[in-house]
Amino acid sequence: MQAININEELKYIEKVKQINNNKILKYYIMTMGCQLNENDSEKLCGMLEKMNYIKTERMKDADLVLFNTCCVRENAEEKLFGKIGEVKKQKEDKHTIIAIGGCMMQEEHILNKIKQSYPYVDIIFGTHTLHKMPKDLYKALEENKKIRDVIDIDGEIIEGLPISRKDKTKASVTIMNGCNNFCTYCIVPYVRGRERSRQPKDIIEEVKELSNKGYKEITLLGQNVNSYLSVEREKNIEFEEYEGINSFATLLRAINKIDGIERIRFISPHPKDFTDDVIEAIRDCEKVCKLIHLPLQSGSTNILKIMNRKYTKEQYLTLVEKMRKLIPEVVFTTDIIVGFPGETEEDFEDTLDVVKKVKFEQVYMFIYSRRVGTPADRMENQIPEEIKHKRFDKLKKLVENQIEENNKKYLDTIQSVVVEGISKNNENMLTGRTPSNKIVVFEGKEELIGKIVELKIMSQHMWYLKGKIV
Ligand code: SAH
Ligand code: SF4
Ligand code: F3S
């Protein structure tokens with residue numbers, strides 16, 4: 001899909017500067033949700049900084065407060081409403097502009113709630129209107145009007161937005177938007193629209209630019225990365241092949257060749273789309289980390305069917321075995337939902353069984369959360385809260401025991417670690433990550449930040465390892 005022209009929209013960057021009399025102002029941003037949302041926030045920061053807004057970590061200092069929201073689970077809603085309430089007084093005192101964007105704003109019942117209970121919010125935009133933020137802000141400033149800029153469309157590809165990245169060593173690159181899978185529990189396809197891939201050339205140019213700026217690690221992002229360009233191929237939607245890229249596997253191979261980039265990661269792939277060409281590309285590309293996030297969701301074939309995941313327990317386990325055969329050093333992380341409607345003790349035991357068999361490096365565990373508009377929300381056999389929590393606790397215990405056991409394998413090994421920065425808990429220590437994404441804390445000089453060091457692992461803890469430079 002060709003990117004749309006946003007030159008007209010970007011003109012508002014200058015207009016905002018003028019209306020603010022070229023003053024330097026402050027913005028505060030809070031991002032909820034996944035790495036795609038984080039990457040969107042980096043683009044919002046990019047636009048704001050071009051408009052002479054500088055970032056502050058303190059909400060009360062800000063002239064503009066921006067929330068980039070998520071709605072994949074329920075808990076984000078309370079958090080958002082709490083925050084909007086909190087900033088009300090600040091708005092009354094110093095006319096702070098309040099803007100809210102992102103996935104939650106695509107939900108009608110949320111929009112209505114904001115209109116009714118929080119009418120003082122200045123700007124609301126959705127996932128398809130992120131690039132219009134300068135125009136929305138201009139209108140809010142010039143006309144002192146409340147801007148409601150949410151549209152419900154399949155979605156477009158936007159290129160050329162300014163971006164201000166959070167990190168200096170590792171960077172996220174969104175390769176596709178939207179999702180066509182419609183897992184029955186999930187709200188994402190409704191709020192992010194249909195799946196569409198960026199042009200290969202645009203991705204390669206972005207990664208090359210990141211490499212020139214000194215970035216070492218790239219994470220490719222999408223709701224279903226291993227179906228990159230497959231909708232385009234199936235539906236004969238035109239795309240330009242560039243450096244032989246016409247699939248996710250060929251994209252990995254092309255990025256692997258870019259000098260300066262040392263590590264490539266990707267999230268999330270879908271088990272149903274894990275074709276052999278992708279497995280072979282992971283095996284052959286030395287920069288692609290042999291840590292694969294392979295969302296399981298449930299270990300029960302029954303539940304997987306009702307979830308519309310399109311694989312069985314056996315197919316998932318066979319896929320893991322196949323990858324282990326082809327890529328001996330491969331390890332896995334996963335996402336699991338407990339308490340999906342109709343989940344029996346036996347179904348839950350199947351989930352535990354897969355966890356025991358695969359021995360994941362990390363499991364991101366979620367209690368099933370009803371999402372308005374999804375098929376699972378309309379199912380009658382919802383699981384009582386206390387059973388959901390009981391199962392969650394049981395899974396958590398198993399996972400923690402496994403992680404502790406699993407971490408022992410790192411002891412006395414030498415790990416190459418990309419150094420990310422100073423440790424949050426101890427300013428005399430540095431922190432970095434192994435190819436398998438384990439955090440390693442170690443003593444070292446600040447000039448090592450952004451470099452790759454070889455560390456001997458001296459001790460292991462639940463959430464991190466301790467290392468020593470060798
Ligand atoms: N596209 C990715 C991730 C989507 S959202 C994938 O398919 O893996 C991230 C995770 O949130 C999902 O993997 C799932 O485990 C969890 N999730 C999504 N909807 C949920 C819901 N309604 N309740 C609880 N967890 C949910
Ligand atoms: Fe949601 Fe499923 Fe799409 Fe992931 S693949 S975003 S879980 S619908
Ligand atoms: Fe949340 Fe939207 Fe990501 S709903 S998980 S921020 S795609």
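Side-chain polar atoms of S172 and N39 form no donor-acceptor pair below 3.5 angstrom. No side-chain donor-acceptor contact under 3.5 Å links Q35 and T219. A side-chain donor from one of D277 and T275 sits under 3.5 Å from a side-chain acceptor of the other. E361 and N406 share a side-chain donor-acceptor pair at under 3.5 Å. The closest side-chain donor-acceptor pair between E209 and N212, if any, does not fall under 3.5 angstrom.
Ring geometry for F274 against F266 counts as tilted: the plane angle lies between 30° and 60°, on a 0 to 90° scale.
At least one side-chain heavy atom of L137 sits under 4.5 Å from a side-chain heavy atom of Y53. Looking at heavy atoms from C-beta onward, P189 lies out of side-chain contact with Q223 at the 4.5 angstrom threshold. Side chains of Q402 and V355 form a contact here, defined as non-hydrogen atoms less than 4.5 Å apart. Residues E241 and P200 have side chains not in contact (no heavy-atom distance under 4.5 Å, counting atoms from C-beta outward). Side-chain contact check for Y27 versus C45: some heavy-atom pair is nearer than 4.5 Å. Within the 4.5 Å cutoff, the side chain of L294 has heavy atoms near those of the L319 side chain. Between M429 and E443 the shortest side-chain heavy-atom distance falls below 4.5 Å. Contact of the V363 side chain with the L296 side chain is not registered, since no non-hydrogen atoms from C-beta on lie closer than 4.5 Å.
For CG of N425, the number of neighbouring non-hydrogen atoms (other residues, nucleotides, ligands) closer than 6.0 Å is 12 at most. The environment of K201 atom NZ is sparse: at most 12 non-hydrogen atoms of other residues, nucleotides or ligands sit within 6.0 angstrom. The 12-atom threshold is exceeded at CG of N75, counting heavy atoms of other residues, nucleotides or ligands nearer than 6.0 Å. Other residues, nucleotides and ligands place more than 12 heavy atoms under 6.0 Å from the CD atom of E286.
K15 forms a cation-pi arrangement with Y12, by the criterion of a distance under 6.0 Å to the ring centre and an angle within 45° of the ring axis.
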Kindly indicate, with the supporting measurements, whether the criterion side chain to side chain contact (heavy atoms under 4.5 Å, CB included) is fulfilled by V121 and F67. CA-CA 11 Å; V121 170; F67 302 109; over 6 Å; no
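Between S211 and D259 the shortest heavy-atom distance is OG-O, 2.6 Å. Of all heavy-atom pairs spanning N224 and K272, the tightest one is ND2-NZ, 4.0 Å. Considering all non-hydrogen atoms of both residues, S369 and E74 come closest at OG-N, 2.9 Å.
Between K11 and E14 there is no salt bridge, since none of the side-chain N atoms of the basic residue sits less than 4.0 Å from a carboxylate O of the acidic one.
The ring-ring contact (aromatic ring centres under 6.0 Å, His included) analysis of residues 163-220, with sequence neighbours excluded, yields the pairs F182-Y190.
In this structure, the side chain of R233 engages the main chain of N246 through a donor-acceptor pair within 3.5 Å.
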Let me have the donor-acceptor pairs involving side chains of residues 449-470, under 3.5 Å, with sequence neighbours excluded, atom names and distances please.
{"from": "K451", "atom 1": "NZ", "to": "E447", "atom 2": "O", "distance (Å)": "3.2"}
{"from": "S459", "atom 1": "OG", "to": "H461", "atom 2": "NE2", "distance (Å)": "3.1"}

